[in-house]
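All chains are named by letter (A, B, ...) in the order of the sequence lines, taking the proteins before the strands, and each is independently numbered beginning at 1.
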Amino acid sequence: MPDPNSSGTPTPRVRFAPSPTGFLHVGSARTFTFNWLYARHNHGTMVLRLDDTDLERNTEASVQSIFEGLRWLGLDWDEEYKQSERLALHRKQAEAIFAKGLAYRDFTPAHAADEEHSSSQGAWLSNPGMRELPREDSDRRAASGEPFALRFRVPRGEGRILQFVDGVYGAQQKLADEVEDFALLRSDGMPTYHLASCVDDADLRISHIIRGQDHLTNTFKHLLIFEALGEGVGVAPPHFAHLPLLVAPDGTKLSKRKHGPVVSVTTYRDAGFLPQAFVNFLCLLGWSPKNDREFLSLDEIRDLFTLEGVNRANAVVNFTDDDPFDAKAVWLNAEHIRALPVEELSRDLQPFFEQAGFHVSPEKVAAVTPLIRERIKLLRDAVPAADFFFLDKLAPYDPAELIPLKKGDPKKQDLTGDAALALRVLQTALEVLPATTFDHDSLDKALREAAVSLGLKAGPMFQPIRVAVCGRKNAPPLFETMVVLGREVCLERIREAEKNLQSLA
RNA sequence: GGCGCUAUCGUCUAGGGGUUAGGACGUGAGAUUCUCAAUCUUAAAACCCGGGUUCGAUUCCCGGUAGCGCUACCA
């Protein structure tokens, strides 16, 4: 790691600050990923901070599920904090801000405030009665135990302009008069998000805040808080960079309530996404390497990642009712599956077979993996793609499948004649196979020779055997499949097929 | 309502004062193969609208429209 003092710019410190109110959301996963990329690209520090100041909604189960999701992504972090353990600091800072006269106590009961705000036509900006309440009255009421919220005293009537340069959206400014007197402390004494987050960002010396664009306008409030923090002139605010939001096809922000499990990273994991594929997909939503490449490894993304590459428009995650996954995510997953060494893929596949009830040896899975690798897009596809390798007895299938169809004209099928042909194919296979070595080349040679002797092309020759052996028409290449299955299983299944075919005729 | 942000194929995006507006996914067609898949070729598919500025705007500016976000004692 470079010495922060050796260059003009210190190494960045970024943070990901989820609030544990449910499972890890794909939007959160992307925010985490972008922070991680920024940190690792710049040799900085990644901080994970649980923003759990909302006691009502936070649960331990959610904390666990967020960690689970983050671990699955395979991205690490360097420091870890829990906001709820830092309450003393938040309160102390709130008091300091109050002591400076930059905040005031608002004794309006919470529910009453709600009504007032919603009934007022224009935007609610402040509570003049409370903002102007003399200090002695305020102290007296507080001392008597009357509950109050602490509100920031936003500068008014001064024409004060709040401004910052966003790393993605560029120069931003807003009149302070248009910012409402937001709460710092709730009436139960707990800090709000705005206060806790800024206090912690300052205390943890966060240099860059990279977060969702839904915080863009909140940033003006945060600027005010940073200014109110610390001794004299306040604390220099960190750099801000806001990320375009991930939205559903209906254009609204992805939400757990509205869009269900499709917004949870565990849904992707359970369906058999590879974490690197998922991360690859996430990065392409709102960021571009600008080199026409889309299939990228994590290392490549990390090397290419810059804030300049971040787009400003919201990105649609294109799922439907029929298919919960964006087609591009699925395609990328298939690409990453093919890029994986067989041993690794085989290891990743094992739990999916187990879960489907196939208690099969790793050796068997390893043998099957190369045969299905190009035929699956999600890891879970491996189960239906490979089940016939593991079944003792094939599931019943339509014996008519054993009969090869003539191309282009399935209706003019001479069913009985073709059935007889298929039967001869199977019988021939039964004659040839016992004497054939079960490796690819020998099977290839033996069966092709048999085809010639029957006056058949490869297609009509192989289909009956394939269906007999796999129980269906679409399957991996025949010879490799037969090798994995072994001679005994193949012969047995072909005999069974022969029986089925005879019963048909 | 107020304030802010955004606007290129169906989706993700590149681009940028003069281009045949590029790529990817998906979709259609074809090739190849023992089926499927993979692969290859190919087709259809976009600059929100209106004004400016300019010799020339999709690109710059303004306005409109639309979408999104914030407007909580949620984060």
Side-chain angles (χ1 to χ4, degrees), chain A residues 17-21 51-54 56-58 106 108-111 113-114 117-118 120-125 147-151 166 169-170 172-175 178-180 182-194 196-197 211-221 242 244-245 247 249-253 281 284-295 311-319 326-332 334 338 371-377 385 404 444 447-448 451 457-463 465-467 470 472-479:
Chain A
S19 82
T21 56
D51 278 9
D52 55 351
T53 54
D54 184 357
E56 302 278 300
R57 304 197 304 156
N58 295 160
D106 185 346
T108 314
H111 59 274
D114 277 353
H117 298 184
S118 55
S120 60
Q121 265 310 83
W124 178 91
L125 286 174
F148 61 86
L150 191 69
R151 288 188 182 283
D166 188 87
Y169 289 89
Q172 304 291 319
Q173 56 168 276
K174 185 170 184 170
L175 228 37
E178 278 159 358
V179 176
E180 73 279 7
F182 55 93
L184 259 20
L185 249 28
R186 306 187 182 103
S187 46
D188 62 2
M190 290 295 286
T192 62
Y193 161 75
H194 299 303
S197 138
R211 67 210 325 186
Q213 193 245 38
D214 46 350
H215 286 298
L216 191 63
T217 36
N218 283 335
T219 305
F220 297 106
K221 294 171 199 159
H242 290 88
L245 263 21
V247 299
D250 67 6
T252 58
K253 184 161 74 154
F281 171 64
L284 259 20
L285 295 171
W287 173 79
S288 164
K290 299 182 191 286
N291 61 2
D292 278 354
R293 291 195 51 213
E294 311 230 299
F295 171 64
N311 197 3
R312 279 181 283 271
N314 291 171
V316 174
V317 180
N318 205 9
F319 58 83
D326 191 305
K328 194 165 217 164
V330 173
W331 169 75
L332 277 170
R338 282 179 228 127
L371 301 188
I372 59 171
R373 197 213 317 228
E374 277 185 352
R375 270 156 271 263
I376 61 174
K377 293 178 186 299
D444 186 318
L447 290 175
R448 280 183 203 278
K457 288 198 187 157
M461 176 72 198
F462 296 158
Q463 181 181 327
I465 302 175
R466 172 180 300 108
V467 174
C470 304
R472 57 165 177 255
K473 281 196 265 195
N474 299 339
L478 185 57
F479 313 131

Look at the side chain of A/Arg466 and decide which nucleotide, out of B/U13, B/C73, B/C34, has an atom nearest to it. B/C34
CG/A/Asp106 to CG/A/Leu184 distance, rounded to the nearest 0.5 angstrom? 12.0 Å
Selection from B/C3, B/U11, B/C73 that lies nearest to any side-chain heavy atom of A/Val316: B/U11
Counting side-chain heavy atoms from CB outward, which of B/A7, B/A75, B/A24 is closest to A/Trp331? B/A24
With distance as the sole test, does A/Asp166 use its side chain to make a donor-acceptor pair with the main-chain N or O of A/Gln172 at under 3.5 Å? no
Output the rounded distance in Å from CZ (A/Phe295) to C1' (B/C12). 17 Å
In Å, rounded to the nearest 0.5 Å, how long is the span from CD of A/Glu294 to CG of A/Leu284? 5.0 Å
Let me confirm one number: the CD-CG distance from A/Gln213 to A/Asn314, rounded to the nearest 0.5 Å. 6.0 Å
Tell me: CZ of A/Arg293 to C1' of B/C12, nearest whole Å? 17 Å
With rounding to the nearest 0.5 angstrom, report the NZ to CZ distance, A/Lys457 to A/Phe462. 13.0 Å
Taking the P atom of each, how far is B/C49 from B/G10, in whole Å? 13 Å
Length of the CG-P vector between A/Leu478 and B/U35, whole Å: 11 Å
N/O (side chain, A/Thr108) to phosphate O (OP1/OP2, B/C73) under 4.0 Å: no
Let me know the distance between CH2 of A/Trp124 and C1' of B/U71, rounded to the nearest Å. 11 Å
Looking at B/U13, B/C12, B/G4, which one has an atom nearest to any side-chain atom of A/Asn311? B/U13
Let me spell it out: for each of A/Thr192 and A/Gly459, pick the nucleotide of RNA chain B with the closest heavy atom. Which residue's pick is nearer the 5' end? A/Gly459
Nearest-Å distance once atom P is located in both B/U71 and B/G15: 33 Å
Nearest-Å distance once atom C1' is located in both B/A57 and B/C68: 27 Å
Candidates B/U39, B/U13, B/C73 - which lies nearest the side chain of A/Arg338: B/U39
Check nucleotides 44-49 of chain B against the protein and report each pair of N or O atoms closer than 3.5 Å, with its distance, or say if there are none.
none

Just how far, in rounded Å, is P of B/U13 from CG of A/Leu285? 6 Å
Every protein N/O lying under 3.5 Å from an N/O of nucleotides 64-70 of chain B:
| residue | atom | partner | partner atom | Å |
| --- | --- | --- | --- | --- |
| B/C68 | O2' | A/Asn314 | OD1 | 3.1 |
| B/G69 | O2' | A/Asp214 | O | 3.4 |
| B/C70 | OP1 | A/Lys253 | NZ | 3.4 |
| B/C70 | O4' | A/Thr217 | OG1 | 3.4 |

For a quick check of understanding: with a heavy-atom distance under 4.0 Å over all strands, which category does A/Pro477 fall into, base, sugar-phosphate or nothing? base
So if I take every side-chain heavy atom of A/Asn474 and compare against B/U35, B/A37, B/A24, which nucleotide ends up nearest? B/U35
Separation of A/Leu447 atom CG from B/U35 atom P, in whole Å? 15 Å
If you look at every strand shown and take non-hydrogen atoms under 4.0 Å, does A/His194 touch a base, only sugar-phosphate, or nothing? base
Whether A/Arg373 side chain and A/Arg375 backbone form a donor-acceptor pair below 3.5 Å: no
Nearest-neighbour nucleotide for the A/Lys377 side chain, B/A38, B/C5, B/C34 considered: B/A38
Whole angstroms only, please: what is the CZ-C1' distance between A/Phe220 and B/G4? 7 Å
Any donor and acceptor pair, going by atom type alone, linking the side chain of A/Asn311 with main-chain N or O of A/Gly286 inside 3.5 Å? no
What is the distance, to the nearest angstrom, from the CZ atom on A/Arg312 to the P atom on B/G15? 11 Å
Testing B/U11, B/U6, B/C34 for proximity to the side chain of A/Ala313, the answer is B/U6
Shortest side-chain distance from A/Arg448, nucleotide among B/A14, B/G4, B/C34: B/C34
